Protein chains: 2
Amino acid sequence: MIRIKDIAKLANVSTATISYVLNDSGSVSLETRNKVLKVVADLNYKPNNIAKSLKLKKTNTIGVIVEDITVFNSPEIVDGINDYANTENQSIILTNMRLFKHTGQNFLYQPDSHVEYAQRAMKELMSKQVDGIIYVGIHTRELTNLFNNLQIPIVYTYCYANDQPDLSVNYDDEFGAYDATKYLIDRGHEKIALISGPIDSDPTRLRFNGYYKAIMEHQLIFEPNDIKTGNWEFDSGFTLAKELLQVAKPATAILAMNDLMASGAIHACAELGLSVPRDVSIIGFDNREFSGHLTPALTTMDLPLHELGTQSMSTLLALINKDELPHNPIKPRCKLIERDSVASVSK
Amino acid sequence: MIRIKDIAKLANVSTATISYVLNDSGSVSLETRNKVLKVVADLNYKPNNIAKSLKLKKTNTIGVIVEDITVFNSPEIVDGINDYANTENQSIILTNMRLFKHTGQNFLYQPDSHVEYAQRAMKELMSKQVDGIIYVGIHTRELTNLFNNLQIPIVYTYCYANDQPDLSVNYDDEFGAYDATKYLIDRGHEKIALISGPIDSDPTRLRFNGYYKAIMEHQLIFEPNDIKTGNWEFDSGFTLAKELLQVAKPATAILAMNDLMASGAIHACAELGLSVPRDVSIIGFDNREFSGHLTPALTTMDLPLHELGTQSMSTLLALINKDELPHNPIKPRCKLIERDSVASVSK
DNA sequence: CTGAAAGCGCTTACAG
DNA sequence: CTGAAAGCGCTTACAG
């Protein structure tokens, strides 16, 4: 391992000078500068950033706490974080809480072990002196008080903390559901059923708002019987779609609040001998990879995950540099992916 | 930020003593030990590992270079790395080359930019003084000479370097294909077609070997016309399955070398009016998430990705600690996932 | 059992 | 334009 001191000796200058040329700081004559650079190249010198960080009290390293890297939303968000980090020369320390692997579907109801994992992760990152933290959730939900008296900037994404709303980066759930519903309405559907997530979930409420707004705005009839509450899983989509469809005058379209339930709905139609989209149109949410492989390929809302990552990173960097934060930042928008599960209604 | 020096002053001992109790090294009387611990707790002291690393020339941090975190194999491998790292108190610096995003399907043929990204990643990790590196590929292929004169331990997974075969961790491709083929044979299939990847791909060759071995071992007839060379994409599975099936005496089963091509084959059957699995059985490879959502749900080989991660990590740590490496380590095995796309042949 | 001191590889305010 | 020196927060060989 070759040090600045070795360069200094060979180049016959002080270590200060080496540092100046390496960092383009101070003023160094062209001659000594070239001399130093030559020795640096000859010895294939690689700076030790750990020493630099200790001195400067800045690591240019961001801690990323991800609740579970194997859950579908995480890799794209991390990719966005990396994308932005590369342009800003920031490194990423990744801690993966493996929440879903540890607790399965129950992760929402295991606050104790959750807190323990989170604080362990935080402790590790603090000891590594990261300049800030991005916390990546696996479900949009309230996480205030997960960490007590933070001593370091943090931004949340795919989840949020009420005590720092400007530091939570999430996409526009309501607008996404509004758009999906409107897409159906534009194709002549007037009776649009909804398979929702659990009531105590934020995305459920927001997506319901979007749905309701589109229905009202187009003077359609809001029919409570066409709203069914599911649990995000395939089976609930399957069961609820059947209930929805086996009535006297069924809806002509179903908006499922995620792709898993939409898939259940598609399979329910197959079982009922109904053709999608000829007899009933189905639209999902999330644009999971599998959604394009369903039969028929599912029309669904794509989540702006990559953008969540870049926006988290830019927000965090602004925090770290004490730049002014945009006050009401625009929430990234979902994008409709048109495939084969929606048809116009024939009048 | 509170330092060891602050603790020392309040506890009326030297900084050396603080260090001893914090690290359980040296010998400290119970009395002073408790006194120190109390001050540490009172001040909520958090050690600065960057300073420790500088002194010890060891960071307990592993650099993970992943070619693309958004490609399906990567998250599970990283999860395995994290899993093992947690038990060994290692941190992970993640650099994501975003290879697929940068170059798309052509990543195999863009060696120049690949080398550039890789060396930039390596440089970043070296400057952070990581103790070792795990390189996670997105396609099993030869990567010798990607890095010139390495000064740090590295292990490759989901790819390999010929100059250090013991440091490349990959699953047993051949055995996986053998198992899949045998599964079909056990169900009475005697004419089994194969949709392969490109010939210049290592997994193609290894999987072909496994297929061939199972055919020979069971004294079936090897029929070259039943072997078609695809390109891993849906379309090639679709096209080739049609060719395979529209002959006088078609195979009763198709082994596709990945799930994407298997999906294409399923769709080809639908178009030909053939029922899967009644008329033809289809088996895939990879166990991609979508494979369970196909109609019918695809029987396929699951890749031991998590294990690839843990084994990479244990190998790397052995390297770093200069422990002896197992000489011919067992390759992690694929596991057959039985779903609905394979039936027994009726005699 | 405890402490004084050197040193890990950098940066920078200051003096010349 | 250049260098001597202090200091970032730790650890540890050594002396007592």
Side-chain angles (χ1 to χ4, degrees), chain A residues 1-37 39-40 43-61 91 123-131 151-152, chain B residues 1-37 39-40 43-61 91 123-131 151-152:
Chain A
M1 167 102 273
I2 126 124
R3 295 114 61 222
I4 234 177
K5 200 197 275 190
D6 304 315
I7 312 283
K9 188 171 292 177
L10 287 197
N12 261 314
V13 292
S14 72
T15 59
T17 301
I18 310 294
S19 177
Y20 293 142
V21 348
L22 255 22
N23 294 297
D24 265 324
S25 59
S27 43
V28 181
S29 73
L30 191 61
E31 191 189 2
T32 50
R33 182 182 157 78
N34 286 335
K35 189 171 55 175
V36 167
L37 254 18
V39 180
V40 164
L43 298 197
N44 190 22
Y45 166 75
K46 298 252 178 27
N48 181 333
N49 266 317
I50 230 96
K52 179 170 181 168
S53 294
L54 178 61
K55 175 67 185 168
L56 261 33
K57 293 166 169 294
K58 185 148 200 291
T59 53
N60 292 314
T61 302
S91 299
K123 200 173 160 193
E124 176 192 340
L125 294 173
M126 296 280 293
S127 79
K128 295 283 184 187
Q129 311 298 114
V130 297
D131 297 333
Q151 337 198 7
I152 190 178
Chain B
M1 167 100 275
I2 124 122
R3 295 114 60 221
I4 235 180
K5 200 197 275 189
D6 304 313
I7 311 281
K9 189 170 290 176
L10 287 196
N12 261 312
V13 292
S14 72
T15 58
T17 301
I18 310 294
S19 177
Y20 293 142
V21 350
L22 256 21
N23 293 298
D24 265 325
S25 59
S27 44
V28 182
S29 74
L30 193 61
E31 192 186 2
T32 50
R33 183 183 157 79
N34 285 335
K35 189 170 57 176
V36 167
L37 253 18
V39 180
V40 164
L43 298 196
N44 189 21
Y45 166 75
K46 300 254 179 24
N48 180 332
N49 265 318
I50 229 97
K52 181 170 180 168
S53 295
L54 178 59
K55 175 64 187 170
L56 261 34
K57 293 167 170 294
K58 184 148 201 293
T59 54
N60 292 313
T61 301
S91 298
K123 199 171 162 193
E124 177 193 339
L125 294 174
M126 295 281 292
S127 78
K128 296 282 183 189
Q129 311 297 118
V130 298
D131 297 332
Q151 338 197 4
I152 191 179

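Bear in mind that the values here come from a model prediction, so they are computed numbers and not experimental data. Lettering follows sequence order; numbering is per chain, from 1.
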- Query: Is there a side-chain contact between Val21(B) and Thr32(B) (heavy atoms, below 4.5 Å)?
  - Reply: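 Of all side-chain heavy-atom pairs linking Thr32(B) with Val21(B), none is under 4.5 Å.
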Without decimals, in angstroms, what is the distance between [X] [atom1] and [N] [atom2]?
| X | N | atom1 | atom2 | answer |
| --- | --- | --- | --- | --- |
| Lys35(B) | dT2(C) | NZ | C1' | 11 Å |
| Asn49(B) | dC10(D) | CG | C1' | 10 Å |
| Arg33(A) | dT2(D) | CZ | P | 12 Å |
| Asp6(A) | dC8(C) | CG | C1' | 13 Å |
| Asn48(B) | dG7(D) | CG | P | 18 Å |
| Arg3(A) | dC8(C) | CZ | P | 6 Å |
| Leu54(B) | dG9(C) | CG | P | 7 Å |
| Lys9(B) | dC10(D) | NZ | C1' | 17 Å |

- Message: Once salt bridge (charged side-chain N to carboxylate O under 4.0 Å, His left out) is applied, what residue pairs with a partner in residues 47-56 of chain A remain, sequence neighbours excluded?
- Response: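 Found none.
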- Query: Can you list every salt bridge (charged side-chain N to carboxylate O under 4.0 Å, His left out) pair that touches residues 8-36 of chain B, not counting sequence neighbours?
  - Reply: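 Passing the test, one end in residues 8-36 of chain B: Asp24(B)-Arg33(B).
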- Query: Between Thr59(A) and Gln129(A), which heavy-atom pair has the shortest distance, and what is it?
  - Reply: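 Closest approach of Thr59(A) to Gln129(A), heavy atoms only: OG1-O, 2.9 Å.
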- Message: If I compare all heavy atoms of Val28(A) with all of Thr17(A), which pair ends up nearest, and what's the gap?
- Response: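 Nearest pair, atom of Val28(A) first, then Thr17(A): CG1-CG2, 4.2 Å.
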- Task: With heavy atoms under 4.0 Å as the rule, sort Ser29(A) into base, sugar-phosphate or nothing.
- Result: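 Here Ser29(A) touches the backbone only, sparing every base.
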- Message: Let's test your reading of the pairing rules: Watson-Crick or G-U wobble, both distances under 3.5 Å, then write DNA chain D as a dot-bracket string with ( ), [ ], | and dots.
- Response: |||.||||||||.|||
- Enclosure of Lys5(B) NZ (heavy-atom neighbours >12, cutoff 6.0 Å):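 No, NZ of Lys5(B) has 12 or fewer neighbouring heavy atoms, counting only those of other groups under 6.0 Å.
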- Residues forming a side chain to side chain donor-acceptor pair (under 3.5 Å) with Glu124(B), sequence neighbours excluded: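 Scan of Glu124(B) (side chain to side chain donor-acceptor pair (under 3.5 Å), adjacent residues dropped) gives Ser91(A).
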- All side chain to side chain contact (heavy atoms under 4.5 Å, CB included) counterparts of Tyr45(B), not counting sequence neighbours: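 Applying side chain to side chain contact (heavy atoms under 4.5 Å, CB included) to Tyr45(B) gives Ile2(B), Ile4(B), Ile7(B), Leu22(B), Val40(B), Pro47(B).
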- Looking only at side-chain atoms of Lys5(B), point me to the closest of dC8(D), dC10(D), dG3(C).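 The answer is dC8(D).
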- Query: Where the side chain of Ala51(A) is concerned, which of dT2(D), dC10(C), dT2(C) is the nearest nucleotide?
  - Reply: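 Side chain of Ala51(A) sits closest to dC10(C).
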- Message: On the nucleotide dC1(D), are OP1 or OP2 found under 4.0 Å from the side-chain N or O atoms that Thr32(A) carries?
- Response: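 Thr32(A) to dC1(D) OP1/OP2: no side-chain N or O under 4.0 Å.
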- Closer than 4.0 Å, any side-chain N/O of Ser27(B) to the OP1 or OP2 of dC1(C)?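 Answer is yes, contact under 4.0 Å.
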- When every nucleotide of nucleotides 11-16 of chain D is labelled 5' to 3' by its protein contacts under 4.0 Å (heavy atoms), B for base, S for sugar-phosphate only, - for none, what sequence of letters results? BBB---
- Message: Donor-acceptor check, side chain of Ser127(A) to backbone of Asn49(B), threshold 3.5 angstrom: yes or no?
- Response: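 Not at all, since once roles are kept as given, no pair shorter than 3.5 Å links the two residues.
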